[in-house]
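Right, one structure below, let's go through it.
These numbers come from a predicted model, not from an experiment. In what follows, every heavy atom counts, from backbone to side chain, and hydrogens, waters and symmetry copies are set aside. Here is the naming used below: chain letters follow the sequence lines, and residue numbers restart at 1 for every chain.
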Protein chains: 2
Amino acid sequence: MLSRYVLDKLENLSYKITPQRKAILQVLEENQGDHLSAEQIFLSVKKRMPNVGIATVYRTLDALANLGVLHKTSFDEGLFRYEFCEDDRHHHHHLVCVTCGNITEIEEDLLYQLERKVEDQGFKVIDHSLVIYGICQGCQ
Amino acid sequence: MLSRYVLDKLENLSYKITPQRKAILQVLEENQGDHLSAEQIFLSVKKRMPNVGIATVYRTLDALANLGVLHKTSFDEGLFRYEFCEDDRHHHHHLVCVTCGNITEIEEDLLYQLERKVEDQGFKVIDHSLVIYGICQGCQ
DNA sequence: TGAAACAATGATAATGGTTATCATTATCGC
DNA sequence: GCGATAATGATAACCATTATCATTGTTTCA
Ligand SMILES: [Mn+2]
Ligand SMILES: [Mn+2]
Ligand SMILES: [Zn+2]
Ligand SMILES: [Zn+2]
């Protein structure tokens, strides 16, 4: 039950715990490892809560992303995808298959040297986004 | 005159050399080092060619990106930015200042280990996109 | 308890970058 | 120059996201 920690975080920041927000978190929780779009989340939430509005989904996802609970990532498809953040800093990277569109993950970070070099140039690093495009094993 | 090489490339692939395409290439050439949006390119071209259509700009940029002449990059601003490709593979990375929006470059690649690891997992790497977000020296 | 005060929601319009459509025009091999 | 065909420009359409606003739910505190 990951969302308990998230609900506490929301409560501490005086966000209201609404049925809509709980449902959105539950969908994300039930699809851990996936990279869901707002539309996909909206459709899943709708099954249990037919009257939910898509604006609420967008608002909630945005709030959760700003709180650092979710990662909002673009794979240049013209939309954003969302997933839980495992920890605050140095999240994993993504492999996107240009043939089938599948998105997988690499756990290794391995950007230390690069970031050290950047910091040496006087740039204060906050976050990074690395997407590797290629062809997955199944598509070769 | 970098665009001479590009014009030859276009000609060899039986693209027609039109005044619009020449003007678009010229704008990109005159702004090397910048990361221009389609809108910015459109406005610059318009100064010399007031009747140019924005659809032509988009079509040309898309064609040039597909030919590997331009890089089409997203910095998650809700639009794409374009710049000349210096070589086919292993282009530079970008630093985006979250305060002033300035985009600078790092020439070092330093993703060899990471890509080797990925290839070992059976993923055939074609391209990658690394954007580092942070605060630039001037904004600290 | 009972009102403000405030936060969240849902419906829907608006936004804005990009793409599709289509009639017109320009290019280039002959 | 001619003609096949590619390219262009105007404009409508697309579509993910955001803004607006009236309504509903929740908290505060007299
Ligand atoms: Mn992921
Ligand atoms: Mn660049
Ligand atoms: Zn694949
Ligand atoms: Zn800055």
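One atom, CD of A/Q40, and another, P of D/dC15, lie 16 Å apart when rounded to the nearest Å. Look at CG on B/L79: it is 16 Å from C1' on C/dT19, rounded to the nearest Å. When the C1' atom of D/dA16 is taken as reference, atom CZ of B/F80 falls 13 Å away, rounded to whole Å. B/E77 places its CD atom 16 Å from the P atom of D/dT17, with the value rounded to the nearest Å. The CD1-P distance, from A/I24 to C/dA8, rounds to 13 Å in whole Å. Note: CD (B/E11) to C1' (C/dT27) measures 11 Å, nearest angstrom. Per the geometry, CG belonging to B/L7 stands 11 Å off P belonging to C/dC28, to the nearest Å. Remark: C1' of D/dT17 and OH of A/Y82 are 8 Å apart, rounded to the nearest angstrom.
The cluster map of Ile, Leu, Val, Met, Phe, Trp and Tyr, joined by side-chain heavy atoms under 4.5 Å apart, puts B/L25 and B/L43 in the same cluster. Both A/V27 and A/I17 belong to a single network of hydrophobic side chains, linked directly or stepwise wherever heavy atoms of I, L, V, M, F, W or Y lie under 4.5 Å apart.
Taking all atoms of both residues into account, the shortest heavy-atom contact from A/S37 to A/Y82 is C-CD1, 4.5 Å. Of all the heavy atoms in A/F75 and A/V96, the pair that sits closest is CD2-CG2, 3.6 Å.
Sorted by first then second residue, the side chain to side chain donor-acceptor pair (under 3.5 Å) pairs that include residues 94-103 of chain B, not counting sequence neighbours, are B/H35-B/H94, B/E83-B/H94, B/H92-B/H94. Every pair passing salt bridge (Lys or Arg N to Asp or Glu O under 4.0 Å) that includes a residue from residues 58-71 of chain A is listed here, sequence neighbours excluded: A/D62-A/K72.
Ion pairing of A/D8 with A/R4 is present here, as a side-chain N (NZ or NE/NH1/NH2) and a carboxylate O approach within less than 4.0 Å.
Within the structure, every side-chain polar atom (N or O) of A/Y58 is placed at least 4.0 Å from both OP1 and OP2 of D/dT18.
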Extract all donor-acceptor atom pairs below 3.5 Å that involve side chains of residues 130-140 of chain B and protein atoms in other chains or at least two apart in sequence.
residue: B/Q140; atom: NE2; partner: A/G122; partner atom: O; Å: 2.8
residue: B/Q140; atom: NE2; partner: B/I135; partner atom: O; Å: 3.0

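In terms of position along DNA chain C, the nucleotide closest to B/E39 lies nearer the 5' end than the nucleotide closest to the other residue of the pair B/I17 and B/E39.
Legend: residues meeting ring-ring contact (aromatic ring centres under 6.0 Å, His included) with B/H93, ordered by chain and number and at least two apart, are B/H128.
An end-to-end axis angle of 30° holds for the helix from C/dT1-D/dA30 to C/dC30-D/dG1, taken from five base pairs per end and rounded to 10°.
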What string of B, S and - do you get for nucleotides 7-13 of chain D 5' to 3' if you count protein non-hydrogen atoms under 4.0 Å? SBBB---
